[in-house]
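In listed order, ligands and their atoms are each counted from 1.
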Amino acid sequence: MARAGNCYNVADFEVQARRRLPAPLYHYIAGGADDERTVGANVQNYLQDIRSIDMRRTVLGRELAWPLFLAPTGMTRMFHQAGEIGVAQEAERSGVGYALSTMGTASIEEVGRATNGPRMFQLYLLNDEAMNFAMIDRCKAAGFDALCLTVDTVVAGNRERDLRTGLTVPPRLTPGSLLAFAARPRWCMDYLGGGAFSLPNVGEAGGGGDLTTLASYFAARMERNITWAAVERIASRWGGPFAIKGIQSVRDARLAASAGASAVILSNHGGRQLDGVPPTIDLVADIVDAIGDRVEVILDGGIRRGSHIVKALAMGARACMTGRPYLYALSAFGKPGVRRMLELMRAETERTLGLLGCAGVDDLTRDHIRLAGDIPDFLQDGASRPNVTHLRNIL
Ligand SMILES: Cc1cc2nc3c(=O)[nH]c(=O)nc-3n(C[C@H](O)[C@H](O)[C@H](O)COP(=O)(O)O)c2cc1C
């Protein structure tokens, strides 16, 4: 016997009313005018079956358990001995993708052996085609699934924090940084226990040096004229799923599609290159509208919560990429930190979908988004990125 005390929301009361009322009376209450679109639009979207939420997405030819890639980050072992291998293994465990950087402290072969998860290699185009092709061939031999070419680093960004802190790569004690290292003895022990520091994917050039050496290495070796013809040569040498990372305009996205890219990664290098460019979440809609039917669009940058992933997907992104969140977790706790970070972000993504009444990522549409410009200032969250889009829960 139903009792009022057993109803916990309006939907419960509606079910009980329908049971008790003669049909005409129930429909008199529930119905609306014409096609009842306004009734529907007014109502929140909770009456959905979300007993299981399907977050799988196939991206660059491999299925992800939920739509995230861990972004390529150079010299990961500087932060924790577990380094790239530890991160790649946690990515596989969580069912997300992992991208190894050209500037990685683990080799293509080591990562190839350490994980069977979706693996992408991030290529910086060097002005030596033989070296570029050699890396591509190594990726093929090591069983990588996808290649991505980063195009936003032809000139090194101006990172004034690094100049102030006296960062050297690999880390070395200098008069300027001595105190900073002395204050972190646990990091020092871990780092010193980790063996020699090298950049095995770029061969002899990765032997080490200070930031100036690295900057001059980049200046000397980075290709400063990445032509679309060169991109096509890279894509055809690789012959598999191919992404371009650093795309920020509709024009370049179209050219990427014509050059044979299977995905574009909308990225400003996490704000580390050209200051003042738009947040990548603002680019998603236009680029998806231009090429989304032909090419996968991946959003990179600013993801800090599962709800941020959901926003990007609702705008039309196929998947997201994240860098600093896993680096912070790795730096603090090593592999268990990365595991926990991924568990939290996965749970947040799933919970957000559930709260939106979506039984899977494929149910997300732009109707779940309200653009910041469309809502009053007092509702806008100015503190955290990405905040340009606000979730909304409507039919
Ligand atoms: C410490 C660090 C190192 C990075 N190294 C590379 C790299 O070697 N290659 C690359 O394509 N992007 C590199 N990136 C950029 C990331 O791949 C990614 O675009 C960025 O971190 C995304 O922004 P987020 O940190 O807000 O997620 C690096 C980012 C950081 C923070």
Visitor: Taking atom types as modelled, find out whether E160 and N158 have a side-chain donor-acceptor pair closer than 3.5 angstrom.
Guide: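 E160 vs N158: donor-acceptor pair found between side chains.
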Visitor: What residue and atom, counting heavy atoms only, is the protein's closest point to atom 11 (O) of ligand 1, and at what distance?
Guide: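 The answer is T150 OG1, 2.8 Å.
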Visitor: Got the closest protein heavy atom to atom 13 (C) of ligand 1, with its distance?
Guide: P72 O, 3.0 Å
Visitor: For atom 2 (C) of ligand 1, which of the options R272, Q273, M78 provides the nearest non-hydrogen atom?
Guide: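 Nearest option to atom 2 (C) of ligand 1, by heavy atoms: R272.
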Visitor: To check your reading of the model: name the closest protein heavy atom to atom 4 (C) of ligand 1, its residue, and the distance in Å.
Guide: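 Of every protein heavy atom, T73 CA, 3.6 Å lies nearest to atom 4 (C) of ligand 1.
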Visitor: Which heavy atom of R119 sits nearest a heavy atom of G112, and at what distance?
Guide: NH1-O, 2.9 Å
Visitor: Could you tell me which atoms of ligand 1, counted from 1 in the order shown, lie closer than 4.0 angstrom to a heavy atom of G270?
Guide: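 The atoms of ligand 1 under 4.0 Å from a heavy atom of G270 are 19 (O), 20 (C), 22 (C), 23 (O).
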Visitor: Does even one non-hydrogen atom of I303 get within less than 4.0 Å of ligand 1?
Guide: no
Visitor: Counting C-beta onward and ignoring hydrogens, is there a side-chain heavy-atom pair between W66 and R56 closer than 4.5 Å?
Guide: no
Visitor: Relative to atom 15 (C) of ligand 1, which among H269, R324, M103 owns the nearest non-hydrogen atom?
Guide: H269
Visitor: For the CZ atom on R305, are there more than 12 heavy atoms of other groups (residues, nucleotides or ligands in this structure) within a distance under 6.0 Å?
Guide: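 No, not enclosed.
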Visitor: So which protein heavy atom does atom 5 (N) of ligand 1 come closest to, and at what separation?
Guide: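 In this structure, atom 5 (N) of ligand 1 has G74 N, 3.0 Å as its nearest protein heavy atom.
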Visitor: Nearest protein heavy atom to atom 7 (C) of ligand 1, by residue and atom, and its distance?
Guide: Y124 OH, 3.1 Å
Visitor: Should R351 and E348 be marked as a salt bridge (Lys or Arg N to Asp or Glu O under 4.0 Å) after you check the CA-CA gap, both sets of side-chain angles, and the distance that decides it?
Guide: CA-CA 5 Å; R351 185 183 314 120; E348 287 171 356; 5.5 Å; no
Visitor: To which protein heavy atom is atom 8 (O) of ligand 1 closest, and what is the distance rounded to 0.1 Å?
Guide: S101 OG, 2.7 Å
Visitor: Please write down residue, atom name and distance for the protein heavy atom closest to atom 19 (O) of ligand 1.
Guide: D300 OD2, 2.6 Å
Visitor: What are the atoms of ligand 1, with element, lying closer than 4.0 Å to any heavy atom of G302?
Guide: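 With G302 as reference, the close atoms of ligand 1 come out as 24 (P), 26 (O), 27 (O).
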Visitor: Just jot down the ligand 1 atoms closer than 4.0 angstrom to any heavy atom of S267, in number order.
Guide: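 Here the atoms of ligand 1 in question are 19 (O).
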Visitor: How about T105 and E84: does a side-chain donor come under 3.5 Å of a side-chain acceptor?
Guide: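 Distance-only check passes for T105 and E84.
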Visitor: Counting each atom of ligand 1 from 1 as listed, which ones have a heavy atom of T322 under 4.0 Å away?
Guide: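 The list of qualifying atoms is 27 (O).
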Visitor: Heavy-atom count around D275 CG within 6.0 Å, excluding the residue itself: above 12?
Guide: no
Visitor: Please state which part of H308 comes within less than 4.0 Å of ligand 1, counting heavy atoms only: side chain, backbone, both or neither.
Guide: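 It is neither part, as no heavy atom is under 4.0 Å.
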Visitor: Evaluate C148 against F242 for side chain to side chain contact (heavy atoms under 4.5 Å, CB included), listing each step before the verdict.
Guide: CA-CA 6 Å; C148 99; F242 175 64; over 6 Å; no
Visitor: Which is closest to atom 12 (N) of ligand 1 in terms of heavy atoms, K245, Q122, M75?
Guide: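 Ranked by closest heavy atom to atom 12 (N) of ligand 1, first place is K245.
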Visitor: For L327, take its heavy atoms, then give the atoms of ligand 1 lying under 4.0 Å from any of them.
Guide: 1 (C)
Visitor: Just by distance, with hydrogens left out, do Y326 and T73 show a side-chain donor and acceptor under 3.5 Å apart?
Guide: yes
Visitor: Distance under 4.0 Å to a non-hydrogen atom of A71: what atoms of ligand 1 satisfy this?
Guide: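 Checking each atom against A71, I get 16 (C), 17 (O), 18 (C).
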Visitor: What's the shortest distance from atom 21 (O) of ligand 1 to any protein heavy atom, and which residue and atom give it?
Guide: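 For atom 21 (O) of ligand 1, the nearest protein heavy atom is G323 CA, 3.6 Å.
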Visitor: Evaluate the criterion side-chain hydrogen bond (donor to acceptor under 3.5 Å, both in side chains) for residue pair Q89 and K335; output intermediate values, then yes/no.
Guide: CA-CA 8 Å; Q89 288 172 335; K335 276 182 76 169; 2.8 Å; yes
Visitor: Mind listing the side-chain donor-acceptor pairs of residues 178-187 below 3.5 Å, one per line with the distance, residues two or more places apart or on another chain?
Guide:
unit_1: W187; atom_1: NE1; unit_2: M78; atom_2: O; d: 2.9

